[in-house]
2 protein chains.
Amino acid sequence: MSLPAASLSSKAERTRDRILEVALELFREKGYEATTMRIIAAAAGVSLGSSYYYFPSKEHLVQGFYEGMHVGLVEATREALATERDLKARLRLVMRARLDVVAPYHVVSGSLFRTAADPHSPLSPFSEASGPTRRESIAFLKEVVEGSDARIPKDVAPTLPHLLWLYELGLVLFWVHDRSPGQKRSYDLADDSVDAIVRLLALAHLPVLRTVRRQILKWVSTIVAEGPGAEDIDA
Amino acid sequence: MSLPAASLSSKAERTRDRILEVALELFREKGYEATTMRIIAAAAGVSLGSSYYYFPSKEHLVQGFYEGMHVGLVEATREALATERDLKARLRLVMRARLDVVAPYHVVSGSLFRTAADPHSPLSPFSEASGPTRRESIAFLKEVVEGSDARIPKDVAPTLPHLLWLYELGLVLFWVHDRSPGQKRSYDLADDSVDAIVRLLALAHLPVLRTVRRQILKWVSTIVAEGPGAEDIDA
DNA sequence: GTCTATAACCGGATAGAC
DNA sequence: GTCTATCCGGTTATAGAC
């Protein structure tokens, strides 16, 4: 989807793209379960067997979805991030945009994310296969922080993007479960939790908080170092 | 499983129990996917159709698992909790016991918890069907706190058990993904995060933290009020 | 009405011919 | 690279036994 567009045969590539495109549309329209591989194949004008030639499993069709969501977030926030310098405002607009971008998929999100919970699945956010997207997301959050005028304590700075990535994951997890109209609660939670995060960051330098700060940094490192390898930590 | 043991016919009940027992054992031995309903039925000495008479779906077999895990935790900690009064020690032993109790199921946990991520699934920790177990867990954590000699700020007290429940959920989620030998990282994380939590609680009364404290309480309420109904909040 | 069994359906995945 | 035929397992329909 965001691969170097050259080098691969064109007929095959168009077939592949068509299958993926059709599949994502059907997922959104009818849901993940209701969209059978047979229907996808038919809609894309290929046989069932051919679909499996391009995508080894139904799950693999969902990887394209994730990458799309990340690209969508970057595009949706580029303009606003270019001018805004206040950290709280930056984080808030990013998290709100995150929710906006995934919004059309809320109905399906349950069954879509279902697979993501399984660590053995390539769709797990911690998996090898998700590595590229994960690293891109963390790098993006790093920019969100560094582009602000906030002063972040030296020891917190390297871990902060990872912490924010975990936080974003949690927010989306909440959103998946959020049945309030328009997922209003998720937006409220985003606002409230961003407030708390920024305030905590502002207080982080206080001597009383030195020990907790270290403790928290320690366990965030533990969490983020988790996964297929230690490569995550220096993304 | 923890129902009033009377009132239902005994032959049927024994059949039901046998199916469940056999299923859990097979899940642990061979994994969730590899254990087919046909195998379960055969091992329990009934026909496939009969299994479906007792358990409407394969997922429903997993509900018994959850309840078992909760009962296991309570039993594993009863003795130690009876004498220990220090909050940090109490929380630490509870969280370590939580990991001990689920340990035999680590290999399977991925596919087992997979379904739990789907909000539409009865296996979701936030679902109606999980309500009883969820409320029991929160009530248990309330006792863990109240049985300690720690002084908890008045405004924090009612929300704390819910916060701890979310925290426990997160810990287990991490454990599911933890591939370190013996899941050592999960135990480390439990220790470190309990330290941080207890320290934060001790500092919570400080005037500088008043605003953050309120903000955090607010969004924890938002999260926990989420789900099938508002009944969660007064469990 | 409670329980059990057999046969079939449906959809994800695979084999192998062309 | 594309197809058809088939497998396999969760689930359902339904008939009948106790």
Side-chain angles (χ1 to χ4, degrees), chain A residues 7-20 22-24 26-27 29-65 108 111-112 114-116 118 120-123 129, chain B residues 3 6-24 26-27 29-65 108 110-112 114-116 118 120-123 129:
Chain A
S7 81
L8 274 180
S9 77
S10 53
K11 283 171 199 173
E13 195 159 288
R14 278 205 311 278
T15 311
R16 197 197 129 95
D17 286 354
R18 198 171 63 247
I19 296 173
L20 181 56
V22 158
L24 291 186
L26 287 170
F27 286 161
E29 276 174 26
K30 324 175 40 148
Y32 183 73
E33 263 79 46
T35 306
T36 72
M37 288 300 280
R38 283 161 179 87
I39 294 179
I40 295 172
V46 296
S47 77
L48 177 61
S50 291
S51 313
Y52 276 95
Y53 174 77
Y54 289 103
F55 295 92
S57 85
K58 196 177 177 183
E59 295 185 4
H60 280 76
L61 282 165
V62 186
Q63 283 286 10
F65 169 76
V108 215
S111 31
L112 239 42
R114 178 182 188 135
T115 328
D118 185 348
H120 306 305
S121 163
L123 264 63
Chain B
L3 292 174
S7 81
L8 275 181
S9 76
S10 53
K11 284 171 198 172
E13 196 159 286
R14 278 206 310 278
T15 310
R16 197 196 130 96
D17 287 353
R18 196 172 65 247
I19 295 174
L20 181 57
E21 199 179 325
V22 159
L24 293 186
L26 286 171
F27 287 161
E29 274 174 27
K30 325 177 38 150
Y32 183 73
E33 264 77 46
T35 305
T36 73
M37 288 300 280
R38 284 163 180 85
I39 294 178
I40 295 172
V46 295
S47 77
L48 179 60
S50 289
S51 314
Y52 275 94
Y53 174 78
Y54 290 103
F55 295 94
S57 83
K58 197 178 177 181
E59 294 186 4
H60 280 77
L61 283 164
V62 186
Q63 283 286 11
F65 169 76
V108 216
S111 30
L112 239 42
R114 179 181 190 137
T115 329
D118 185 346
H120 306 305
S121 163
L123 264 63

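Values below: every heavy atom of this structure, side chains too, minus hydrogens, waters and symmetry copies. Naming convention: chains lettered A, B, ... in sequence-line order (proteins, then strands); numbering from 1 in each chain.
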**Student:** Side-chain N or O of S47(B) versus OP1/OP2 of dT4(C): is the shortest distance under 4.0 Å?
**Tutor:** no
**Student:** What does T36(B) touch in the nucleic acid at a heavy-atom separation under 4.0 angstrom: a base, only the sugar-phosphate, or nothing?
**Tutor:** sugar-phosphate
**Student:** Is L20(A) close to F55(A) at the side-chain level, that is, under 4.5 Å between some pair of heavy atoms?
**Tutor:** yes
**Student:** Would you call F27(A) and K58(A) a side-chain contact if the rule is heavy atoms closer than 4.5 Å?
**Tutor:** yes
**Student:** May I have the distance from Y32(B) (atom OH) to dG9(D) (atom P), rounded to whole angstrom?
**Tutor:** 14 Å
**Student:** Any side-chain N or O of S50(A) less than 4.0 Å from the OP1 or OP2 oxygen of dG1(D)?
**Tutor:** no
**Student:** Once rounded to the nearest 0.5 Å, what's the spacing between atom OH of Y52(A) and atom CD1 of I19(A)?
**Tutor:** 11.5 Å
**Student:** From NE2 of H60(A) over to C1' of dG12(C), roughly how many Å is that when rounded to an integer?
**Tutor:** 14 Å
**Student:** Could you state the atom-to-atom distance from NZ of K30(A) to P of dG11(C) in whole Å?
**Tutor:** 10 Å
**Student:** What nucleotide among dG1(D), dC3(C), dA5(C) has an atom nearest to a side-chain atom of Y54(A)?
**Tutor:** dG1(D)
**Student:** Distance check, rounded to the nearest 0.5 Å: E59(B) atom CD versus F65(B) atom CZ?
**Tutor:** 14.0 Å
**Student:** Looking across every strand, which nucleic acid part, if any, lies under 4.0 Å from T35(B) by heavy atom: base, sugar-phosphate, or nothing?
**Tutor:** sugar-phosphate
**Student:** Could you tell me the separation between the OH atom of Y53(A) and the C1' atom of dA13(C), rounded to a whole number of Å?
**Tutor:** 17 Å
**Student:** Would you tabulate the nitrogen or oxygen pairs shorter than 3.5 Å linking the protein to nucleotides 11-18 of chain D?
**Tutor:**
unit_1, atom_1, unit_2, atom_2, d
dT11(D), OP2, Y52(B), OH, 3.0
dT11(D), OP2, K58(B), N, 3.0

**Student:** What is the distance from CD1 of I19(A) to C1' of dC3(D), rounded to the nearest Å?
**Tutor:** 13 Å
**Student:** Given side chains that start at C-beta, do those of Y32(A) and V62(A) come closer than 4.5 Å, heavy atoms only?
**Tutor:** yes
**Student:** Starting at atom CD of E13(B), determine the distance to atom C1' of dT2(C), rounded to an integer number of angstrom.
**Tutor:** 14 Å
**Student:** Taking atom CD as the centre, does E21(B) end up with more than 12 heavy-atom neighbours from other residues, nucleotides or ligands that are less than 6.0 angstrom away?
**Tutor:** no
**Student:** Please report, rounded to the nearest Å, how far the P atom of dC8(D) is from the CD atom of E33(B).
**Tutor:** 17 Å
**Student:** Compare all side-chain heavy atoms of E29(A) with those of T35(A) and state whether any distance is below 4.5 angstrom.
**Tutor:** no
**Student:** Take atom CZ of R14(A) and atom P of dG1(D), then tell me their distance rounded to the nearest Å.
**Tutor:** 12 Å
